[in-house]
Protein chains: 2
Amino acid sequence: MSEVPTGESLLFLTDEQLRQGIEAMYFAYRGFTSAPDQILEGISYGRAHHRALHFISRAPGMNVNRLLAILGVTKQSLNRVLRTLIEDGLVESRVGTADKRERHLYLTEEGAALEKSLSEAQRAQMRAAYRKAGPEAVAGFRQVLESMMDPELKRLYSALREG
Amino acid sequence: MSEVPTGESLLFLTDEQLRQGIEAMYFAYRGFTSAPDQILEGISYGRAHHRALHFISRAPGMNVNRLLAILGVTKQSLNRVLRTLIEDGLVESRVGTADKRERHLYLTEEGAALEKSLSEAQRAQMRAAYRKAGPEAVAGFRQVLESMMDPELKRLYSALREG
DNA sequence: CACATTAAGTCAGTCTTGTTGACATTCCAA
DNA sequence: TTGGAATGTCAACAAGACTGACTTAATGTG
């Protein structure tokens, strides 16, 4: 947690090393999204739909505000996506019991099936990368990613694991 | 290169672990782009302009086809971005000497200045993340990112380093 | 030389995903 | 009971991607 880097890590962080990291992140992110994108093209959905399905699947019963905070978009933008998913019978929106203003979101069977196919494609890609790199590399990967997150996003990310 | 994982790595790659990796990648990518995005809003440029400036800076004299391959967009899409950058005097397009059909791209002084401010903001963010995570984590991070790349993109990524 | 191909640029139209702003509805809580 | 919060909706717009068709200029080849 020291703010002062060691001589070695200071040496390590040349602009060139950082630039390579930036480019690696850029190219890798494209690989990261390509598998689900391939499934999505053809059916009339995009990445925004995938993201909504993912997080609803991850935390079923989540209300709209929570999902908005996670996705970091405006409610108008999310609403368009959510509306099509609800109309198409992939997502169910239930009025809250404690607070009836809230809408709680759930995947229908059909929604869960699509989410599963998308997430399986993405996991397969991730699994291949993890295996190529090995467990120790994966631990480092996760550490750096967490360090890159905005504190608020990191909070939301951690909350997903803790329920 | 073995297709059969060891017992340990098999244990490691639970769906939950993979899902956390996927989410980490998603949240981290948002942190990754936020610093340059902040500079870009206000001036009338977006991420597409940033990417073009970055790679022209990285490989000055690059022709349009090469940049198209790196960015993975259509020429119509790139052209819109490139045209504004040239009109605004940030990028210079020189007719090729060997092959006069080609246009070679260079940053002007002004273009280099903007690129520098964008890349410094992004590097600062990356540097902070790297320092928090430590050198060993960074090595793992880089390894996993490279494993995630599409082979063609990895080729382009590597070519950037080798000149 | 004539013709095909390549590199680059352009025009027109479309789609997804994001944005603002304005407004209605519902319902909780002080 | 009234103000504010949560939600939803309408309209307009912008960035950034796409396809398809086409031009121009330069190059390569039969």
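Within every chain, numbering begins at 1; the chains are lettered A, B, ... in the order of the sequence lines, protein sequences first and strands thereafter.
- A side-chain contact (heavy atoms from CB on, under 4.5 Å) with A/Asn63 is found for one member of A/Glu102, A/Arg103, A/Arg101 and no other, namely A/Glu102.
- The distance from atom CG of A/Leu67 to atom C1' of D/dT7 is 13 Å, rounded to the nearest whole Å.
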Polar atom pairs between nucleotides 4-6 of chain C and protein, under 3.5 Å, N or O only, would you list them?
unit_1 : atom_1 : unit_2   : atom_2 : d
C/dT6  : O2     : B/Arg101 : NH1    : 2.7

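- Remark: C1' of D/dT7 and CG of A/Asn63 are 10 Å apart, rounded to the nearest angstrom.
- Evaluation of the side-chain hydrogen bond (donor to acceptor under 3.5 Å, both in side chains) test over residues 68-77 of chain A, restricted to residues two or more places apart or in two chains, returns none.
- Within residues 28-47 of chain B, the residues that place at least one heavy atom under 4.0 Å from DNA chain D are, in residue-number order, B/Gly46, B/Arg47.
- Listed by chain and residue number, A/Glu16, A/Glu23 satisfy the side-chain hydrogen bond (donor to acceptor under 3.5 Å, both in side chains) test with B/Arg58 (two or more places apart in sequence, or in another chain).
- Distance B/Glu102 CD to D/dT24 C1': 16 Å, rounded to the nearest Å.
- Under the ring-ring contact (aromatic ring centres under 6.0 Å, His included) criterion, no residue pair touches residues 73-120 of chain B, with sequence neighbours excluded.
- Listed by first and then second residue, the side-chain hydrogen bond (donor to acceptor under 3.5 Å, both in side chains) pairs that reach into residues 31-42 of chain A are A/Thr33-A/Arg47, A/Ser34-A/Gln125, A/Asp37-A/Arg47, sequence neighbours excluded.
- For B/Ser57 (side chain) and B/Leu53 (main-chain N/O), no donor-acceptor pair under 3.5 Å exists by modelled atom type.
- Checked against ring-ring contact (aromatic ring centres under 6.0 Å, His included), B/Tyr29 has the following partners two or more places apart in sequence or in another chain: A/Tyr29, B/Phe32.
- With sequence neighbours excluded, the residues forming a side chain to side chain contact (heavy atoms under 4.5 Å, CB included) with A/Ala121 are A/Ala35, A/Ile39, listed by chain and number.
- Listed by residue number, the members of residues 49-62 of chain B with any heavy atom below 4.0 angstrom from DNA chain D are B/His49, B/Arg51.
- Residues A/Leu105 and A/Val95 are members of separate hydrophobic clusters, defined by side-chain heavy-atom contacts under 4.5 angstrom among Ile, Leu, Val, Met, Phe, Trp and Tyr.
- The pair A/Asp150-A/Arg155 does not meet the salt-bridge criterion, since no charged nitrogen lies less than 4.0 angstrom from a carboxylate oxygen.
- Of the residues in residues 73-97 of chain B, those lying under 4.0 Å from DNA chain D by heavy-atom distance are B/Val73, B/Thr74, B/Gln76, B/Ser77, B/Arg80.
- Note: CZ (B/Arg66) to P (C/dA8) measures 12 Å, nearest angstrom.
- A donor and an acceptor atom, one from each side chain of B/Gln122 and A/Arg19, are nowhere located under 3.5 Å apart.
- Pairs of residues two or more places apart, or lying in two chains, that qualify as ring-ring contact (aromatic ring centres under 6.0 Å, His included) and include a residue from residues 52-79 of chain B are A/Tyr26-B/Phe55, A/Phe27-B/Phe55.
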Please list every donor-acceptor pair under 3.5 Å in which a side-chain atom of residues 83-91 of chain B meets a protein atom from a residue at least two apart or in another chain.
unit_1  : atom_1 : unit_2  : atom_2 : d
B/Arg83 : NH1    : B/Asn79 : OD1    : 3.4
B/Thr84 : OG1    : B/His49 : NE2    : 3.3
B/Thr84 : OG1    : B/Val81 : O      : 2.8
B/Asp88 : OD2    : B/Tyr45 : OH     : 2.3

